[in-house]
Number of protein chains: 2
Amino acid sequence: MAHSHDVPADLTRNQGLVMGALNHSVGPLSAYDILDKLRADGLRAPLQVYRALDKLVERGLAHRLESLNAFVACADEHCHRKGLIAFAICEGCGKVDEFADAVIEERLGDWAQAKGFKVERTTMEIRGKCEVCVAQAA
Amino acid sequence: MAHSHDVPADLTRNQGLVMGALNHSVGPLSAYDILDKLRADGLRAPLQVYRALDKLVERGLAHRLESLNAFVACADEHCHRKGLIAFAICEGCGKVDEFADAVIEERLGDWAQAKGFKVERTTMEIRGKCEVCVAQAA
DNA sequence: TTCAATACGTTATAGCATAACATCGCCGCA
DNA sequence: TGCGGCGATGTTATGCTATAACGTATTGAA
Ligand SMILES: [Zn+2]
Ligand SMILES: [Zn+2]
Ligand SMILES: [Zn+2]
Ligand SMILES: [Zn+2]
């Protein structure tokens, strides 16, 4: 879960706190999870967290996992250069693996072009068990 | 929005009502949307809708769109034979196009095998504008 | 008939997200 | 220096999404 500690310095206080919470978590956190972790730092209302998350997601420092209603720190410094990002979410340990695949993206582009569909955003989330958890279950 | 009217006959009353609501909608419906449409038929509580939806999704007659917290009728009679299904959701008119792509699925399988990840379920949702809505915007 | 499985109905509650409004601090500019 | 815009913040209230917990009813075998 390589989390990048070289966080941009121009984050606001709340943004920094939220980013820190995400960076120090092994798995995704809901906005309310984050809020609970940050009450000691003075945060009190969900909106404070949501507003920070909006900015972080906008800047590509964090991602929203639609299928979990939760958020993770971006694990790939350069993911904003890539188009489609996929997430593999382990139901066992909660870890999230982030990856990009040019072939899938191209294939999707082909489909869109054929249909005249203008893609604005794609979410791809794979649920299952990671290697470690598969081994443990056996 | 080809909705299949040859719905299985063994649905329960509530399941049938919910399926009907989905079939007659041009776009996705939230559970609460469905509830409102079915109050006249006697449904009163969210749980009645959610329980029906669970069964319908389980049988592949409906799909849940994670990025919308909403549900659509399955548009492809044979989609349960296919693996990965993708949804293209138009932000303009709300229509949803359901399709399967073997290449994407294979590519995903390759990634999973390389990583030792055991895939259980995949959601792929593309947000954007359909051909009609793109034309209108121009 | 008896039992188990499934569906149903109802109330209450938990979890996720945003509206609306006031305030504050920063920075560019008259 | 003082004004004014803008973005971030703080706070309260509210709305939307989903499930827990309980009891009843129906069905369909053994
Ligand atoms: Zn990323
Ligand atoms: Zn795992
Ligand atoms: Zn389908
Ligand atoms: Zn459209």
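Since the structure is predicted, the reported quantities are computational estimates derived from the model, not experimental observations. Protein chains get the first letters and strands the later ones, always in sequence-line order, with residue 1 at the start of each.
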Worksheet item: When rounded to the nearest 0.5 angstrom, what distance separates OG1 in B/Thr123 from CD in A/Glu125?
Response: 5.0 Å
What is the distance, to the nearest angstrom, from the [atom1] atom on [X] to the [atom2] atom on [N]?
X       : N      : atom1 : atom2 : result
A/Asp10 : D/dA8  : CG    : P     : 11 Å
B/Asn14 : D/dT24 : CG    : P     : 19 Å
A/Arg39 : D/dG10 : CZ    : C1'   : 14 Å
B/Asn69 : D/dT19 : CG    : C1'   : 14 Å
A/Leu53 : D/dA8  : CG    : P     : 14 Å
A/Arg13 : D/dT9  : CZ    : P     : 9 Å
A/Leu68 : D/dT17 : CG    : C1'   : 15 Å
B/Gln48 : D/dC22 : CD    : P     : 19 Å

Worksheet item: Just the endpoints, please: which first and last nucleotides of DNA chain C, 5' to 3', lie under 4.0 Å from a heavy atom of chain A?
Response: C/dC16 to C/dA20
Worksheet item: Touch check for B/Arg44, heavy atoms < 4.0 angstrom, all strands: base, sugar-phosphate only, or nothing?
Response: sugar-phosphate
Worksheet item: Which part of the nucleic acid does A/Ala31 contact within heavy-atom distance under 4.0 Å: base, sugar-phosphate only, or nothing?
Response: nothing
Worksheet item: Taking the six-membered ring for Trp, are the ring centroids of B/His63 and B/Phe87 within less than 6.0 Å of each other?
Response: yes
Worksheet entry | Within 6.0 angstrom of B/Glu131 CD, more than 12 heavy atoms from elsewhere | no
Discussion item. Taking the minimum atom-to-atom distance to the side chain of B/Arg64, which one of D/dT19, D/dG10, D/dA18 wins?
Written reply: D/dA18
Worksheet item: So which nucleotide from D/dT19, D/dT9, D/dT11 ends up closest to the side chain of A/Ala45?
Response: D/dT11
Over all heavy atoms of both residues, which pair between [X] and [Y] is shortest? Give the atoms and the distance, please.
X       : Y       : result
B/Arg44 : B/Arg39 : O-NH1, 3.5 Å
A/Ala52 : A/Asn14 : CB-O, 3.9 Å
A/Pro28 : A/Val72 : CA-CG1, 3.6 Å

Item to complete: Verify the stacking flag for B/Tyr32 against D/dC16: centroid separation must be under 5.5 angstrom and the ring planes must differ by under 30 degrees.
Response: no
Worksheet item: If you group Ile, Leu, Val, Met, Phe, Trp and Tyr whenever their side-chain heavy atoms sit less than 4.5 Å apart, what else falls in with B/Ile126?
Response: A/Leu84, A/Phe99, A/Ile104, A/Leu108, A/Trp111, A/Phe117, A/Val119, A/Met124, A/Ile126, B/Leu84, B/Phe99, B/Ile104, B/Leu108, B/Trp111, B/Phe117, B/Val119, B/Met124
Worksheet, complete the sentence: Judged by nearest nucleotide, the residue sitting upstream toward the 5' end of DNA chain C, B/Gln15 or B/Gly42, is B/Gln15
Practice prompt. Using only side-chain N and O atoms of A/Thr12, determine if any of them is under 4.0 Å from OP1 or OP2 of D/dA8.
Written response: no
